[in-house]
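A, B, ... follow the sequence lines: proteins, then strands. Residue 1 opens every chain.
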Amino acid sequence: MWKLAPAGTGKELRAVFVETLQEIMKDNKKVVALEADLGGASGFTKIQKTNPDQFVQVGIAEANMVGIAAGMSMRGYIPYIHTFAPFATRRVLDQVFLEGAYAKNTINIYGSDPGVCVAANGGTHNSFEDIALMRSIPETLVVAPADEVQLAWTIRECAKLTGVHYIRANRKGNPTMYAEGSTFEFGKGNVIREGSDVLLVSMGEMLSKAYNAAEKLAACGISVEVVDMFTLKPFDAELIRSEAAGKKLVVTFENHNVIGGLGSCVAEVLADEGAGIPLKRIGANDVFGQVGTYDYLCQAFGLTEEHIIDTIKDALK
Amino acid sequence: MDKAELLKLKKGSAAIRIQTLKMLKWRRYGHLGGAMSIVELMSVLYNKHLNYDPKNPQWEDRDYVVLSKGHAGPAWYSTLALHGFFDPEMLYTLNEGGTKLPSHPDRTKTPGVDATTGSLGQGTSVAAGIGYAFRLNKSSQKVYLIVGDGELNEGQCWEAFQFIAHNKLNEVIVIIDNNKKQLDGTLEEIINPFDIAAKMEAFGFHTIRANGQDEEALSDAIDEAKAVKDSAVCIVMDTIKAQGVPYYYDRSDSHSPKFGPESDAAIDSVIAELQAFIDENGGM
Ligand SMILES: Cc1ncc(C[n+]2csc(CCOP(=O)(O)OP(=O)(O)O)c2C)c(N)n1
């Protein structure tokens with residue numbers, strides 16, 4: 001069961017990742033963390049200090065890291081690997097596909113700074129396609145946690161599962177959404193705000209903006225239901241079907257290309273159902289990322305509360 | 001090398017170092033360590049060895065530069081600005097939204113930038129392809145490929161090196177910046193490189209070791225590399241991470257430091273010293 005928390009600024013997600021791994025490593029010596037020379041960026045070098053036997057430094061060799069994780073998992077280890085989201089997905093896709101998913105090995109992948117979270121690292125390090133890539137591989141779990149509580153829960157749960165699990169998360173803190181102690185279910189979305197006119201679906205670092213936009217729209221007499229679809233795969237089609245029913249409009253809001261991401265997931269469900277409800281997909285629209293501050297990039301790609309509000313008002317006219 | 005030419009190269013290095021430090025200090029973050037260790041190389045290339053036309057950056061017959069360790073972009077941007085590719089004022093747009101100077105080089109954005117890099121390893125293959133095209137065109141152009149020593153962790157580098165060596169592709173001058181550190185620590189701590197020059201020799205390269213802080217040694221190495229006719233060529237530059245800014249030599253954050261009052265003072269004193277050197281020697 002989950003509960004919402006009062007608004008607040010969350011802890012750095014990389015710190016949450018490190019501390020959660022350190023905690024599960026205490027009871028499970030099979031849990032190992034692998035880095036590709038970004039341990040300074042992820043904080044994984046702290047694990048090297050506290051749990052030297054459970055830390056593996058592979059150097060700047062991401063494809064190699066995926067293969068090593070696969071091999072270790074064949075001997076019962078539970079690897080968590082980290083690199084930036086584009087390198088954790090695009091750059092190593094065949095290794096993840098073949099030695100990970102196809103060969104039925106276990107790899108937990110932390111792809112950090114997805115999409116606009118990339119900020120100063122710019123277009124070469126941007127990933128607007130990581131969800132699309134990872135969800136196209138059979139049997140994967142693809143998760144975009146909204147905050148520290150959901151991330152910590154995700155990390156702990158992944159240790160109990162086998163297979164390829166992709167965890168897409170900021171390194172910095174996201175606004176707090178959930179109360180301490182909340183639990184979730186993979187493959188189940190959460191209705192975090194009730195509403196009757198519009199269904200607004202989001203996840204990850206964008207969820208709080210979706211929530212705030214819905215609150216503001218209430219003041220204009222538009223009732224918006226907000227769903228946290230933190231699991232992109234397996235996708236909660238049932239929830240989309242039931243919650244879209246009777247609404248005038250469905251909107252998706254994601255820090256990802258609208259091609260292949262959350263917008264596509266929802267579109268597939270609505271089309272399969274023959275729901276006939278209009279859908280607006282907000283996200284990067286078939287464009288490359290670029291350099292700039294997080295706020296600049298959010299503006300540039302329409303990832304703002306204002307853009308949600310305008311889109312919904314326009315569509316309902 | 002005659003004295004006047006050496007002085008020109010040394011002043012060139014000083015100017016690039018000053019400009020890069022000013023830019024990074026203004027920006028308050030950036031990949032200082034790896035930018036500093038290629039400063040002398042940039043001066044030697046742009047003041048002596050490279051064929052280019054700043055007024056026509058796309059000139060068909062130019063020599064190419066591929067900065068595979070793309071995070072060192074700021075050192076390249078300073079060099080390009082100082083050599084007339086664009087107004088040095090533009091340096092103060094580094095990483096701003098809409099800039100032509102992103103943290104990692106982008107060939108579609110910046111005049112003088114020949115290849116898009118930032119995902120380590122990939123520039124090596126691109127340089128191999130450019131060199132191969134030069135060969136097919138029977139052109140005497142060269143492509144200068146600058147690779148980080150940590151970057152050598154990437155298997156792709158060695159795939160490219162195999163191809164370059166197999167084809168005796170001396171159109172590509174491979175230059176390895178051996179500053180002995182990567183992001184999480186020293187190369188030896190992360191992934192032991194053993195003897196990089198010996199590895200390159202074993203791969204089939206005519207390999208030259210040169211002091212990367214010494215413009216004359218670098219220039220001689222490039223001359224030697226250009227003269228090699230029947231083999232791939234590689235220069236292993238012996239450098240220091242954050243070269244020229246001793247404050248960072250023993251610091252673990254030299255790769256991408258945060259700036260504060262203490263580092264500002266250290267950087268300012270380096271800038272003042274270098275500026276005095278330029279001024280005492282007749283200015284730029
Ligand atoms: C494929 C890829 N993985 C990781 C990174 C992140 N990264 C940027 S610089 C760097 C260390 C580079 O070390 P080195 O090549 O020795 O560069 P230098 O010390 O000269 O700065 C890392 C890991 C990257 N840019 N690309």
* Among the options B:Leu187, B:Leu183, B:Ile191, pick out the one with the most heavy-atom pairs lying under 4.5 Å from chain A. => B:Leu183
* Asked: Is it true that atom CZ of B:Arg107 has more than 12 heavy atoms of other residues, nucleotides or ligands lying nearer than 6.0 Å?
  -> no
* Counting heavy atoms not belonging to A:Phe288, are there more than 12 under 6.0 Å from its CZ? -> no
* Return the minimal non-hydrogen interatomic distance between B:Ser103 and A:Ala120, and the atom names on each side. => OG-O, 2.6 Å
* Among B:Gly121, B:Gly98, B:Gly155, which residue forms the greatest number of heavy-atom pairs with chain A at distances under 4.5 Å? -> B:Gly98
* Asked: With only heavy atoms counted, which part of B:Gln182 is less than 4.5 Å from chain A, the side chain, the backbone, both or neither?
  -> both
* Tell me, for A:Gln48 versus chain B, whether the close heavy atoms (under 4.5 Å) come from the side chain, the backbone, both or neither. => neither
* Under a 4.5 Å heavy-atom cut-off, does chain A meet the side chain of B:His255, its backbone, both or neither? -> neither
* Segment of A:Asn64 engaging chain B (4.5 angstrom heavy-atom cut-off) -> neither
* If you tally heavy-atom pairs under 4.5 Å against chain B, which of A:Thr293, A:Asn121, A:Ile60 wins? -> A:Ile60
* Is the closest side-chain heavy-atom distance between B:Glu189 and A:Gln57 below 4.5 Å? -> no
* Please examine the side chains of A:Arg91 and B:Ser119, heavy atoms only from C-beta on, and report whether any two atoms are closer than 4.5 Å. => yes
* Greater than 12 external heavy atoms within 6.0 Å of A:Tyr102's OH -> no
* Asked: Got more than 12 heavy atoms from elsewhere within 6.0 Å of CZ, B:Phe86?
  -> yes
* Under a 4.5 Å cut-off applied to non-hydrogen side-chain atoms, are B:Thr99 and A:Val291 in contact? -> yes
* To do: Check whether any side-chain heavy atom of A:His125 lies under 4.5 Å from a side-chain heavy atom of B:His71, and answer yes or no.
  => no
* Spell out, as yes or no, whether a donor-acceptor pair under 3.5 Å connects the side chain of B:Asp184 to the backbone of A:Gly40. => yes
* **Pairwise distance CG(B:Leu120) to CD(A:Glu62) - rounded to 0.5 angstrom** => 7.5 Å
* Taking every heavy-atom pair that is under 4.5 Å apart, which of A:Leu297, A:Thr124, A:Thr45 has the most such pairs with chain B? -> A:Thr124
* Is the number of heavy atoms from other residues, nucleotides or ligands within 6.0 Å of NZ (B:Lys25) greater than 12? -> yes
* Segment of B:Thr117 engaging chain A (4.5 angstrom heavy-atom cut-off) -> backbone
* When you look at NZ of B:Lys199, are more than 12 heavy atoms from neighbouring residues, nucleotides or ligands closer to it than 6.0 Å? -> yes
* Counting only heavy atoms not in B:Glu188, do more than 12 sit closer than 6.0 Å to its CD atom? -> no
* **Which of A:Pro86, A:Ala300, A:Gly59, A:Gly123 touches chain B most, by non-hydrogen pairs under 4.5 Å** => A:Gly59
* **Neighbour count above 12 (heavy atom, 6.0 Å) for B:Asp250 CG** => no
